[in-house]
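All remarks here apply to the structure that follows.
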Amino acid sequence: MTDPSNAAIADLFDELGDLYELDGAVVHRVLAYRNAAKSVREAPRSVAAMTREGKVTELPGIGRTLEEKIEALLDTGTIPAVEKLRARIPAGLVEMTRLPGLGPKRARKLYDELGIDSLESLRAAAEAGKLRDVRGFGQKFEESVLAAFAAGAGDAPRPRVLLSKALDIGEGIVAALRAHPASDRVELAGSARRLTDSVKDLDIIATASDPPALLAAFAGLEVIESASSPGENAARGATHNGVAIDLRVVEPDQFGNLLQHFTGSARHNMALREASVRKGLHVSEYGILDDADGKTRRCEREEEVYALLGLPWIPPELREDRGELALRDGDVPALVEQGDLKGDLHMHTVLSDGRGTAEDMALRAREMGLEYIAITDHSASHGFGDHVSADELRAQIVAIRELDERLEGIRVLIGTETNIGTTGRPDYDDDLLAELDWVVGSIHTSFSMDVGSMTDRMVAAIEHPLIDVIGHPTGRKIEKRAPYAIDMDRVIEAAARTGTMIEINSAPDRRDLNDVNARAASQAGVPIVINSDAHGPETMVHTRWGVATARRAWLTKGDIANTLPWEEFAPLRKRAR
DNA sequence: GCCGTTTTCGGCCCGACTGTTTTCAGTCG
């Protein structure tokens, strides 16, 4: 039996939280399970392995009881509490709580009183007019249930929006509002400001000389399909392509408090407030209440909020309750910036599935201020009809050398993105790989291998002396495709041992490695490379998204190998050592 | 169920809104 993945264990803890909540457990116990689920999901190592080593309680939120539950899972393949609760609580109750206004308490009540145990039976009861007779419910609730079903509740929840698309919309709206004469300060908040992989909606905070005028201007923007006013100083809108946007206009002296509050994350804010209460300070979106004098202090700037709590300003990308509240003045990492990158070592041309020539790519790179690039077209067995034979690659070596001679101000290197076969072998001969400057090894096929075989395959590739870097190491597509099963502990260990670099692929739907794994890899001493994986000159700017992930991984310029000039980067390649 | 510069018990963020209630519990972000 293979070990359960961290994701599988986390899912079970989340399910236990849901089931205990429906069972009427105290809210803190439910929260403890959800905390534990988050902690397991983000653990940098295999939680199963940590459990066997007796180290799992080192993870925040995992105590003796949850350790026992993981042990039972490893020994028997199941957790007794899960089985017991599943037998008692119908799975449909969890789905019912997805309806707006229906939480665990009331869903449970409907089950106890009317035997409603699914979305279908809830709908039938609402249509039959039975809900209004339950004490605590009424006609309005019944109507809202029917309205929710009419609006498509119960269908698959709307997918989250990719950050690249969300920022495109959000930054456009912010720019338009800033240009309006009634506006003063306008900032994007929420998860978009934290540069998460995807976002549910957008939050914008503003101050204005004439708030109603700014709210009206927002509602009248071209991109806004519909807007409503939930309050005097707020607007809620949706774009034509279905992205929800909240705009809040506040007094200038509270702007810092609101921006901090709406930037989140919820967990960061919760942890921040808990720590503050111990100092007699109560943080809310309106200010900081000091027990000592009973006064609430308002903050114009976000820096003041953190300063009043005895903390340095924390970059939004770090606000995930991953240790950032322990930072003190002077040890906040100076996060890497896109302008720090000097090279881009993964991109495609018309030779495989790209849209530009090598020269197109080089000229664009030079415009962007890069000092060197590697052309890394797909290899011989790519399988999508655009593969590059060994002979074609040999011809490309000559062509790229000639291009590099001819072009001033940019160094053009020749590489490949070679496929890692199921045994971990690259699909060109070693003598050809040895002629190249740089080799990216990536997995593009056979995603469904079991975790042991997939990890063996990857480790074999990492141990190959001519594979310099592993490209998009988990194969995930954000909101579309889960990462393939792979033991990241072993991958990181092998990379650190062999001096193989690991890529943060910047394609906006990849960002692979993700923030958590990139942080773990870097802490283990693996050199990280941020690459665009551009398939045309216009997508070379995608490194913005890879940099965003690196920042969320707490990485500095010094942690990213391709911030070095080529003369210093070249000796770090495995082939040069 | 976790956790500790209030440490092995008694705490565990903050505020708004809603609908159903006679003063508030549940839900949501």
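The chains referred to below are lettered A, B, ... by the order of the sequence lines, with proteins before strands, and numbering in each begins at 1. If you're wondering where the values come from, they're calculated on a predicted model, not measured in any experiment.
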Practice problem: Would you mind telling me which residue lines up with the more 5' stretch of DNA chain B, Leu59(A) or Arg135(A), judged by nearest nucleotide? | Solution: Leu59(A)
Quiz item: Base, sugar-phosphate, or nothing for Tyr33(A), non-hydrogen atoms under 4.0 angstrom?
Solution: sugar-phosphate
Quiz item: Rounded to the nearest Å, what distance is computed from the CZ atom of residue Arg34(A) to the C1' atom of nucleotide dC2(B)?
Solution: 16 Å
Quiz item: Could Arg552(A) and Glu317(A) be called an ion pair, given the rule that one side-chain N must be under 4.0 Å from one carboxylate O?
Solution: no
Quiz prompt | Interatomic distance, Lys140(A) NZ vs dC17(B) C1' [rounded to whole Å] | solution = 13 Å
Quiz item: If we take the C1' atom in both dG15(B) and dG10(B), what is their distance in whole Å?
Solution: 25 Å
Quiz item: Think Ser276(A) has a side-chain N or O under 4.0 angstrom from the OP1 or OP2 of dC13(B)?
Solution: no
Quiz prompt | Reference residue Arg476(A); test side chain to side chain donor-acceptor pair (under 3.5 Å); the match among Asp509(A), Asn505(A), Asp197(A) | solution = Asp197(A)
Quiz prompt | Candidates Glu187(A), Glu302(A), Glu171(A) - the one meeting salt bridge (charged side-chain N to carboxylate O under 4.0 Å, His left out) with Arg193(A) | solution = Glu302(A)
Quiz item: When the C1' atoms of dG19(B) and dT7(B) are considered, how many whole Å apart are they?
Solution: 43 Å
Quiz item: For Val283(A), which contact category applies under a 4.0 Å heavy-atom criterion: base, sugar-phosphate, or nothing?
Solution: sugar-phosphate
Quiz item: Expressed in whole Å, how much space separates the P atoms belonging to dC14(B) and dC9(B)?
Solution: 26 Å
Exercise. Classify the nucleic acid contact of Arg278(A) as base, sugar-phosphate or nothing, counting any heavy atom under 4.0 Å across all strands shown.
Key: base
Quiz prompt | Phosphate-side-chain proximity, Tyr286(A) and dA16(B), N/O vs OP1/OP2 below 4.0 Å | solution = yes
Quiz item: dC17(B) and dT22(B): how far apart are their P atoms, nearest whole angstrom?
Solution: 23 Å
Quiz item: Contact class for Leu31(A) vs. all strands (heavy atom < 4.0 Å): base, sugar-phosphate, or nothing?
Solution: nothing
Quiz item: Closest approach of Tyr20(A) and Ala81(A), non-hydrogen atoms and distance?
Solution: OH-CB, 3.7 Å
Quiz item: So what does Lys69(A) touch, heavy atoms closer than 4.0 Å: a base, only the sugar-phosphate, or nothing?
Solution: sugar-phosphate
Practice problem: Searching all strands shown, indicate the nucleotide that pairs with dC17(B) (Watson-Crick or G-U wobble; both distances under 3.5 Å). | Solution: dG26(B)
Quiz item: P atom, dG1(B) versus dT5(B): distance in rounded Å?
Solution: 24 Å
Quiz item: How far does the P atom of dT18(B) sit from the matching atom of dC2(B), given to the nearest Å?
Solution: 37 Å
Exercise. Mind checking Glu67(A) for me? I need base, sugar-phosphate or nothing, with any heavy atom below 4.0 Å counting as a touch.
Key: nothing
Practice problem: Indicate whether OP1 or OP2 belonging to dC13(B) is found under 4.0 Å from a side-chain N or O atom of Arg273(A). | Solution: no
Quiz item: Which part of the nucleic acid, if any, lies within contact of Arg29(A), taking any heavy atom under 4.0 Å across all strands shown: a base, the sugar-phosphate backbone alone, or nothing?
Solution: base
Quiz item: Taking CG from Asp291(A) and C1' from dC13(B), how many angstroms apart are they, rounded to a whole number?
Solution: 13 Å
Quiz item: To the side chain of Arg106(A), which of dG26(B), dC14(B), dT22(B) is closest?
Solution: dG26(B)
Quiz item: Base, sugar-phosphate alone, or nothing: which one does Leu102(A) contact when heavy atoms must sit under 4.0 Å apart?
Solution: sugar-phosphate
Exercise. Determine yes or no for a side-chain-to-main-chain donor-acceptor pair under 3.5 angstrom, with Asp203(A) supplying the side chain and Ala189(A) the backbone.
Key: no
Exercise. Can you tell me the distance, in whole Å, between the CZ atom of Arg319(A) and the P atom of dG29(B)?
Key: 21 Å
Exercise. Using the P atoms only, state how far dC28(B) lies from dT20(B), rounded to an integer number of Å.
Key: 15 Å
Quiz item: OP1 or OP2 of dC14(B) less than 4.0 angstrom from a side-chain nitrogen or oxygen of His282(A), does that happen here?
Solution: yes
Quiz item: Between Lys109(A) and dG26(B), does any side-chain N or O lie under 4.0 Å from OP1 or OP2?
Solution: no
Quiz item: Between dT20(B), dC12(B), dC13(B), which nucleotide gets closest to the side-chain atoms of Met270(A)?
Solution: dC13(B)
Quiz item: Salt bridge between Arg297(A) and Asp293(A), side-chain N to carboxylate O under 4.0 Å?
Solution: yes
Quiz item: When you measure from the side chain of Phe141(A), which nucleotide among dT21(B), dT20(B), dC13(B) comes out closest?
Solution: dT20(B)
Exercise. Give me the one residue out of Asp3(A), Ile62(A), Leu59(A) that meets side chain to side chain contact (heavy atoms under 4.5 Å, CB included) with Val47(A).
Key: Leu59(A)
Quiz item: Which part of the nucleic acid, if any, lies within contact of Val27(A), taking any heavy atom under 4.0 Å across all strands shown: a base, the sugar-phosphate backbone alone, or nothing?
Solution: nothing
Self-check item: Rounded C1' spacing from dT8(B) to dC3(B) in Å
Solution: 10 Å
Quiz item: Looking at the side chain of Ser284(A), which of dG15(B), dT27(B), dC12(B) is the nearest nucleotide?
Solution: dG15(B)
